[in-house]
Amino acid sequence: MQQEGFSSAYTPGEIERRWYEAWLRHDLFRANPDSGRPPYSILMPPPNVTGVLHFGHVLNITLQDIYIRWHRMQGYEVCWFPGIDHAGIATQVKVEQELAAEGVTRHQLGRERFLERVWQWKERYGGIILEQMRALGISCDWSRTLFTMDESASTAVREVFIRLYDEGLIYRGKRIINWSPRLQSALSDEEVVYRPVTEELLVLRYALEEGGGFVPVATVRPETIFADVAVAVHPDDERYRSVVGKRVRVPLTERFVPVIADEAVDPAFGTGALKITPGHDAVDFEIGQRHGLPLLVCLTPEGRLNELAGPFAGLERFEARRRVTERLQELGLLERREPYTHNVGFSERSGEPVEPYVSNQWFVRMKPLAEPALQVVLEGKIRFHPEHWVRTYEHWMRNIRDWCISRQIWWGHRIPVYYAPDGRYTAARSPEEARQRLGLDPEVPLEQDPDVLDTWFSSWLWPLTTMRWLADGVTEETPDLRVFLPTDLLVTAPEIIFFWVARMIMATLKFRGTIPFRDVYFTSVIRDGYGRKLSKSLGNSPDPLPIIAKYGADAVRFTMIYLSPLGQDVRMTIDERTQDIPSMEIGRNFANKLWNAGRFLWLKSQQYGVSSKPIADEALTLPERWIRSRFAAALRATEAELRHYHVNDYARLLYNFVWNDFCDWYLEALKVLLQRSTAEEAAGRCRFALELYEGILRLLHPVMPFITEELWHLLWERREEEFLCVAAAATAAEAWHSAEDEENFSLLQAFIGEARRLRSLLGLPPQECPQLFIRAVTSEIIQLLGSHRWLLEALVPCHATVLDAHSPVPPRALTGVVRGTEIFLVPSSDYDLTTELERLQREIARLQRLLEETQAKLQNPAFLQRAPSAVVEREREKEQSFQQSLAKLHERLATLQLLSSSEDSHA
RNA sequence: GGGCAGAUAGCUCAGGUGGUCCAGAGCGCUUGCCUUACAAGCAAGAGGUCGGGAGUUCGACUCUCCCUCUGCCCA
């Protein structure tokens, strides 16, 4: 394409923009359910419409893209469904903030106009995150993007509500729910976060009606006494046995309430006697129901005391607590007070403590839905990765509670329930249908429920709505549903296993009779250098876009994957001042390495030419056969790692293969090899190298799509409309694997390594070539080293001579032993032998220790008797090899000692 | 309070089914090098009683139990 652009450093920016644009222009990501190819599909967890890209997304999205791209190259018909979530409360809060800046409340604006504002806001800011994701190169099918408030999704939501309502699985009920006084809305259990708070535990005196004393009652919420309906003790509690059944007076009121006995009371807590306030506590609510107690409510939805509180009415709840406590003290009804730390629920969205509150809400009966959803996971029809999440899932599913789906906000799917003036109500698609269902005349006015549905009520239908199920309210079958459901993989954060994953399983089983996905990958949680979750408020959640701009999308993708082991959190040091992530250098350096390997091959191709066929197998040298065998192994291993969702191992494997095997050894060998070849051979070797390198690009494409696409075009004559993105995956022939070549080459590597070690002791400049003597013991080694002398000489570097076992060697030399074979490096005359003497002595001591350990084992009769014979045999071999090496080193030591003493005497 | 995960080199982490190279990588550090692609690099090196204790075993970083600490989820 444009080979003059092969610079010495990889510059990602322009390349990434160019290729993403080209992929989109050629419509490479659009799925065709009718292609007849085997399908592979993924549902993208829809980011919130209010969302901005953070590193959790980067990891999540990259993981999905890897699997999508990998399967695309394997020949699957791939479909990745993107979308956006309307994020009810989060979005409404954002827009209300905007209004607040203008000095307007949503109530002043009214429902209609407020919703218009939200839609305007959505048009302006919604989906920015999808734009941001494009910078990562994700290959999802943009033509299928769905917004959870789209007409089609909303229709399906309404139909599902009506179906469940008709089946009796959705009901309206009075329940204690989590109420946010600030949001004026119910919250789901999942929207409440618990934090330890130190408050005061008060012991109050509830006077016995008959006189003669008090029952001491412990509470942290004195302001709710106005709604007390009983005092409860444990049935076995001796202290209170005599008062059970009697009546006590609620302090500050004229009311008398019974003392009851209930198993739920913990006798060890406080005084063992609790006030029962069913209107303001979930446990009390249940106790109240068990004992048929009345229900009193003394707080308003705004969190202020109501008329039940008499003179305290109108006070805000925490102010009320102080005032009530004061008054109790004045009246001598406060026995004692002590600090008490307990967990208090806070609203995740608005931050204030939630108020347990009795109100009319809509619920989904979960038990019947949970049962089959648990089974498909326990039976392994859906597999979790890592597997341990199954236990958490099971625990939750077995203890599941009904799902409160109504929210007292305006932005969301309005509950399709209509109320008649006579108080009757029904779910319906329209007021007309509601009148019909209720048997009312057309002119009877109806009122629609003002509440909207929990955001997750649309999310749990995601596998269905993305594929257009009931998009028009009637059509149950679509091409996408037929081909792409069940999807193959879901990649998501573990914290939404209950909000989302579990409920999608329930909904898809319920409405489609199938599982929504086969594998679920729970991603790592990204943390900063201190182990804290990344969050905007902590200032430790950098914007990925500048980091992508700085290091390149491929580098960021690669680093994230490289650092993310399955089931383990990821720690990344973040520079809080510059918002930089230094570990991104891993990926950037690797990309640069890959780039330069390509540049090297390109330069060599220019120099030697490239033949149309690679060099014949018979003409291949050991380094070439070795790297081909290693490539075959890397290919097999990467596929296995990806299949097992060990993505970090996939990245590490390729990193090590490219860097250590391909660049450090094969390319270094190739430099020498090309010089030693005829022109024809050299062109064939270039061809061979290029084909191998192309295989590497194919292996790396799923994780580093841009740089691999660019190199794929730079190094070959490609037509404009050819893309690595849709090319076939790499392959390797069976015959490429050769254990013998791998063994022989690793032997050469060991010799080169030892020689380099000796060489570095001399501190020689690179041009200088010392003499290297190798005294080989077997003819195989003599043969191997003799025929690869050129490789040793180039890579050490040195002048090498291979000798047989009994040949003399120069007395002044540094010594090493590689698997029983001695090597000698001859230093220049001024080298101080004492350094070498000391080194030899250390080496001897080290081997001596090892020998002793081995011998200790071999002298242990229990070991000889019980250990498997193969293990014993190996120990014997070790013993022998240590002894041999020691003998040689001792011999050297003696020679050198003699030499150095004679040198001393000369001096 | 219930459940789960983890504790290995200064930092971040690898080390299925116990013996295999005196425990590995990257970064950082030390030394020498701008050596025919890459200083975002090359070569060599230092650095760990594998959280503590007990047990099982001929043998434990690897299995069991207890303890300590860290984090997460749920109530």
Side-chain angles (χ1 to χ4, degrees), chain A residues 6-10 189-190 192 194 266 282-283 342-343 345 386 388-396 399 401 494-495 497-498 525 527 529 531-533 551 555 559 562-565 567-573 582-583 585-604 607 644 646 648-649 652 655-656 659-660 663-664 667-668 670-672 674-675 750 752-753 756-767 794-797 819 846-847 849-854 856-857 860-868 870-872 874-875 877-878 881-882:
Chain A
F6 224 131
S7 59
S8 68
Y10 173 58
D189 292 343
E190 288 77 13
V192 177
Y194 291 86
D266 175 8
V283 175
H342 64 144
N343 281 330
H388 68 78
W389 286 105
V390 171
R391 299 186 61 176
T392 310
Y393 179 79
E394 181 179 2
H395 191 256
W396 191 72
N399 297 291
R401 291 162 55 176
E495 60 254 34
I497 184 170
F498 307 129
V525 176
R527 300 178 179 287
R532 303 174 305 181
K533 265 170 110 157
Y551 294 98
T559 305
Y562 183 89
L563 292 177
S564 303
Q568 218 57 50
D569 288 354
V570 178
R571 272 192 193 219
M572 296 189 310
T573 302
S583 47
E585 287 181 8
I586 297 170
R588 185 201 52 182
N589 293 356
F590 181 57
N592 192 55
K593 189 73 180 174
L594 184 70
W595 178 261
N596 274 292
R599 181 162 182 264
F600 172 78
L601 291 178
W602 179 73
L603 290 170
K604 290 297 167 192
Q607 187 181 345
H644 295 111
H646 296 165
N648 69 318
D649 290 327
R652 275 165 203 273
Y655 182 96
N656 291 332
W659 206 304
N660 304 132
C663 292
D664 289 349
L667 290 187
E668 290 305 316
L670 183 62
K671 288 178 184 172
V672 197
L674 289 172
Q675 282 182 328
I752 292 167
R756 280 172 172 174
R757 202 170 63 82
L758 298 180
R759 195 180 189 286
S760 79
L761 293 171
L762 300 177
L764 295 178
Q767 317 80 276
L795 296 191
V796 173
R819 302 196 212 176
R846 191 180 67 93
L847 280 172
R849 247 191 350 263
L850 287 178
L851 178 64
E852 280 161 19
E853 274 173 29
T854 301
K857 274 190 193 172
N860 179 353
F863 174 73
L864 296 175
Q865 211 168 37
R866 305 210 186 178
V871 172
V872 176
R874 208 170 295 133
E875 286 303 312
E877 281 168 19
K878 268 161 73 178
S881 131
F882 292 149

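By convention in this document, chain letters (A, B, ...) are assigned in the order of the sequence lines, proteins followed by strands, and residues within each chain are numbered from 1. Model, not experiment: these values are computed from the prediction.
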Donor-acceptor contact present, side-chain A:N592 to main-chain A:R588, <3.5 Å: no
Which class fits the ring pair A:F590 and A:W659: parallel under 30°, tilted 30 to 60°, perpendicular over 60°? parallel
Between A:K671 and A:E668, does at least one N-O distance fall below 4.0 Å, as a salt bridge requires? yes
Could you state the interatomic distance from CG (A:N589) to OH (A:Y655), rounded to the nearest 0.5 Å? 6.5 Å
Determine the Euclidean distance between corresponding P atoms of B:C73 and B:G59; express it in Å to zero decimal places. 43 Å
Check for a donor-acceptor pair, side chain of A:R756 on one end and backbone N or O of A:L795 on the other, with a separation under 3.5 Å. yes
Residues passing the ring pair (Phe, Tyr, Trp, His ring centres under 6.0 Å) test with A:Y551, sequence neighbours excluded, are none
Select from A:I497 and A:N656 the residue whose nearest nucleotide in RNA chain B is closer to the 5' end of that strand. A:N656
To the nearest 0.5 Å, how far apart are CZ in A:R599 and OH in A:Y10? 15.0 Å
Counterpart residues, side chain to side chain contact (heavy atoms under 4.5 Å, CB included), relative to A:T392 (two or more places apart): A:W389, A:F498
So, A:N596 side chain and A:S8 main chain: donor-acceptor pair closer than 3.5 Å or not? yes
First locate atom CD of A:E852, then atom CZ of A:F882, and finally report the distance between them rounded to the nearest 0.5 Å. 11.5 Å
Stem list, RNA chain B (Watson-Crick or G-U pairing under 3.5 Å, at least 3 consecutive pairs): B:1-7 with B:68-74, B:10-13 with B:24-27, B:29-33 with B:41-45, B:51-55 with B:63-67
Determine the interatomic distance between P on B:G1 and the same-named atom on B:G10; round to the nearest Å. 35 Å
How long is the span from the CD atom in A:Q607 to the CG atom in A:L674, to the nearest 0.5 Å? 7.5 Å
With rounding to the closest Å, how many angstrom separate the C1' atoms on B:A44 and B:G55? 44 Å
For nucleotides 9-17 of chain B, list the nitrogen or oxygen atoms of the protein found under 3.5 Å from its nitrogen or oxygen atoms, one pair per line.
| from | atom 1 | to | atom 2 | distance (Å) |
| --- | --- | --- | --- | --- |
| B:U12 | OP1 | A:R571 | NH1 | 3.4 |
| B:C13 | O2' | A:R652 | NH2 | 3.3 |

Find every protein N or O atom lying less than 3.5 Å from an N or O atom of nucleotides 18-20 of chain B, and list the pairs.
| from | atom 1 | to | atom 2 | distance (Å) |
| --- | --- | --- | --- | --- |
| B:U20 | N3 | A:R874 | NH1 | 3.3 |
| B:U20 | O4 | A:R874 | NH1 | 3.2 |
| B:U20 | O4 | A:R874 | NH2 | 3.2 |

How does each nucleotide of nucleotides 34-42 of chain B score, in 5' to 3' order, for protein heavy atoms under 4.0 Å: base (B), sugar-phosphate only (S), or none (-)? --BBB-BSS
Straight-line distance of A:K604 NZ to A:L667 CG, nearest 0.5 Å: 10.5 Å
Rounding to 0.5 Å, atoms CZ (A:R874) and NZ (A:K857) come to a distance of 10.0 Å
